[in-house]
Amino acid sequence: MKKIFTYCSMGVCLLFLACKPAPKLSESSLVPYPQEMKDGNGVFELNAESGIHLIGSSEQLTGIGEYLAEQLRPATGFEIPVSYDGGDIRLELTEGENPEAYSLVIEENQVLINAAGEAGLFYGVQSLLQLFPQEIAHKSKQVQSWEIPTGSISDQPAFGYRGAMLDVARHFISVEDVKHYIDQMAVYKLNFLHLHLTDDQGWRIEIKSWPKLTEIGGSTEVGGGKGGFYTQEEYKELVSYAADRFITIVPEVDMPGHTNSALASYAELNPGVNLPNGKLDSVNKQPLDYQMPLRNPQASELYTGIEVGWSTFAPKLEITYAFVDSVVREIAELTPGPYFHIGGDESHVTEKEDYVYFVERVQDIVSKYGKTSIGWDEIATAKLLPGNVAQFWAKEENAKLAINQGNQILMSPATRAYLDMQYDSTSRIGLHWAAYIELEDAYSWDPSSFSDSISSQHILGVEAPLWTETVTNRGDMEYLSFPRLPALAEVAWTSSDRRSWEGFKSRIQKHGARWTIQGIGYYPSPQVNWEGK
Ligand code: TNX
């Protein structure tokens, strides 16, 4: 009798296996792809008794445990307690050098994530979550088993700066939509979110000492919609929401070009009548900006088109620097991260000499408030302060100028990393001035060999910017960012010897089903055989 039972259950088991063989760890669809993986030959099954066991002392440990539990509870319906007392999923802070590295060991009766820093632990948690069946992404209880393959992963990022950028100026993006984007960035182990907060079409961050910036400058956007802005409270909320997911916000105030929204808000920032001889009035020996009646400046008109390169601050006026000082001071106070982005791109109507003078003075202001400047690659035509970063997007000769000064490069080549470029000529939104960027183009490049003049020791990291001239809502953001954002996340995380387009293609196809469950409207690139499509 017992024997019959055994044969029966083996049969059921075999039948089950035939329907759904447990995948090997090395065949799982992790993105970004880890540095090292070893297969075991069993499974770990999450069950109603499972719990998260925290080991180590850090205020953030509970947060990481709760984050994991919150991802696991809805679909499984399990309680998943988080405690220092026990549980089969152990999150342990240990000794080690790299706070972003982690190891994940899956045995039949337990899972252990080890890391020297909280960030590493969080990345281990992300890998673990990706190993569960895609139904784990449901918000309601699913009746099924929750098995993952045994084995081990040892992993760390190739680059320390793995970023995304949202242009919240051309079209305003709500707090809620930015948070949703942050959630997805976290899944792919991205750690910097650059917010392009100001441009010709809109000023999106409250500055208490210059309130008309948002009152007037925040009142519209591309196409003439109502625009919007973040109050300082809302901005702080984004900073902390991101920090909980180990993402640092990098605020950008783009200047001296791309500044029409400020110029429309305050007449006195405009040069007005051009007195001869630049800076000082020869009669009164006063800086021009104290002589409002003499220069009689007019506020510019609000702008809702998409031309670039036609606006500029007045680098010769002292009031410009008083203004920049207040703006940098207020934003720096709200920003715990190390960087402040000063823009600096496409200042086509600023005199070359004035541009250099402006960038150098603004770098000093940023440094006075304890931040390191990042700027688009053009800033390298000025003398950069040590440690400041040039964001390469267009001109290799600018990147070279930065490297020759001993400064680092953030890699965002428009031909590969620009999420606002169309996939092909049929894409429903997007621009194509730099290139059409299909998924393979976004994936198949190596930051360290992209340009002869930029090698790995010069590279701080990689960032994928989403410019929003053609992006008006969450669906548009998702269409342009998925699947290319995960592709760029892998470019930034996984060393090039571990990457291959074929491998990425076969792994990313499984993510489509997860995005569908989450309501993420991705672009189903024809280069991929999407699962469930
Ligand atoms: C160039 S990239 C710009 C942006 C535009 C973008 C559109 C850069 C530093 N400047 O102002 O939004 O192209 O693709």
Side-chain angles (χ1 to χ4, degrees), residues 163-173 194-204 221-223 227 250-263 303-313 339-350 355 358-359 362 373-382 388-399 401-402 409-425 427 429-437 441-442 450 462-472 476-477 479-481 484-485 488:
M165 187 205 85
L166 289 176
D167 167 10
V168 301
R170 268 50 177 274
H171 281 101
F172 182 59
I173 302 178
H194 165 185
L195 292 175
H196 182 76
L197 291 166
T198 69
D199 212 304
D200 289 322
Q201 300 86 345
W203 186 283
R204 310 296 179 205
E221 60 185 10
V222 168
V250 178
E252 176 183 353
V253 173
D254 200 353
M255 51 195 162
H258 290 276
T259 42
N260 186 68
S261 60
L263 297 167
Y303 181 67
T304 61
I306 65 166
E307 294 298 316
V308 295
W310 50 273
S311 60
T312 184
F313 276 157
Y339 298 116
F340 191 103
H341 201 301
I342 60 176
D345 58 316
E346 300 173 320
S347 292
H348 302 324
V349 295
T350 319
Y355 174 84
F358 179 87
V359 168
V362 171
S373 292
I374 306 183
W376 299 106
D377 59 44
E378 292 95 318
I379 65 160
T381 58
N388 284 359
V389 177
Q391 184 166 9
F392 169 70
W393 66 283
K395 289 213 170 123
E396 292 184 38
E397 62 259 37
N398 287 338
L401 287 175
I409 306 295
L410 178 55
M411 293 295 286
S412 299
T415 51
R416 300 288 188 162
Y418 268 29
L419 297 174
D420 67 315
M421 292 297 117
Q422 291 177 298
Y423 294 94
D424 64 26
S425 63
S427 298
I429 47 170
L431 305 176
H432 58 259
W433 64 264
Y436 291 113
I437 306 183
D441 308 310
F450 180 85
V462 178
E463 183 178 286
L466 179 63
W467 300 100
T468 60
E469 284 94 335
T470 67
V471 174
T472 57
D476 291 350
M477 292 166 70
Y479 171 79
L480 291 174
S481 303
R484 288 184 296 194
L485 183 65
L488 290 153

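Read the numbers this way: they start at 1 and go in the same order the structure lists the ligands and their atoms. Nothing fancy with the numbering, it's 1 onward along the sequence. Fair warning: this is a prediction, and the values are worked out from it, not measured in the lab.
When Trp433, Tyr418, Trp376 are ranked by how near their heavy atoms come to atom 2 (S) of ligand 1, first place goes to Tyr418. By heavy-atom distance, the residue among Asp345, Asp200, Leu466, Val222 lying nearest atom 9 (C) of ligand 1 is Asp345.
Residue Leu431 approaches ligand 1 through these ligand atoms, each under 4.0 Å from one of its heavy atoms: 7 (C), 14 (O). Contact atoms of ligand 1 toward Met421: 14 (O) (distance under 4.0 Å to a heavy atom of the residue). For ligand 1, the atoms lying closer than 4.0 Å to a non-hydrogen atom of Asp420 are 7 (C), 14 (O). Heavy-atom proximity to His258, at under 4.0 Å, picks out these atoms of ligand 1: 11 (O).
No hydrogens or angles considered: a donor-acceptor pair under 3.5 Å links the side chains of Trp393 and Glu378. A side-chain N or O of Ser311 and one of Asp200 form a donor-acceptor pair less than 3.5 Å apart. A donor-acceptor contact under 3.5 angstrom links the side chains of Ser412 and Gln391, judged on distance only. A donor-acceptor contact under 3.5 angstrom links the side chains of Glu252 and His196, judged on distance only.
Not close to ligand 1: Gln391, with no non-hydrogen atom less than 4.0 angstrom away.
Side-chain contact check for Ile173 versus Met477: some heavy-atom pair is nearer than 4.5 Å. Leu410 places a side-chain heavy atom less than 4.5 Å from the side chain of Val389. Side-chain contact between Val222 and Tyr303: absent, with no pair of heavy atoms (C-beta onward) separated by less than 4.5 Å.
Ligand 1 has no N or O atom lying under 3.5 Å from any N or O atom of Trp467, backbone or side chain. The N/O atoms of Trp393, backbone and side chain alike, include none that comes under 3.5 Å of an N/O atom in ligand 1. For Arg170, a nitrogen or oxygen atom sits less than 3.5 Å from a nitrogen or oxygen atom of ligand 1, counting backbone and side chain alike.
Stacking of Arg484 on the aromatic ring of Tyr423 is recorded, both the 6.0 Å distance cut-off and the 45° axial limit being met.
In this structure, the protein non-hydrogen atom closest to atom 5 (C) of ligand 1 is Glu469 OE2, 3.3 Å. Of all protein heavy atoms, the one lying nearest to atom 3 (C) of ligand 1 is Glu346 OE1, 3.3 Å.
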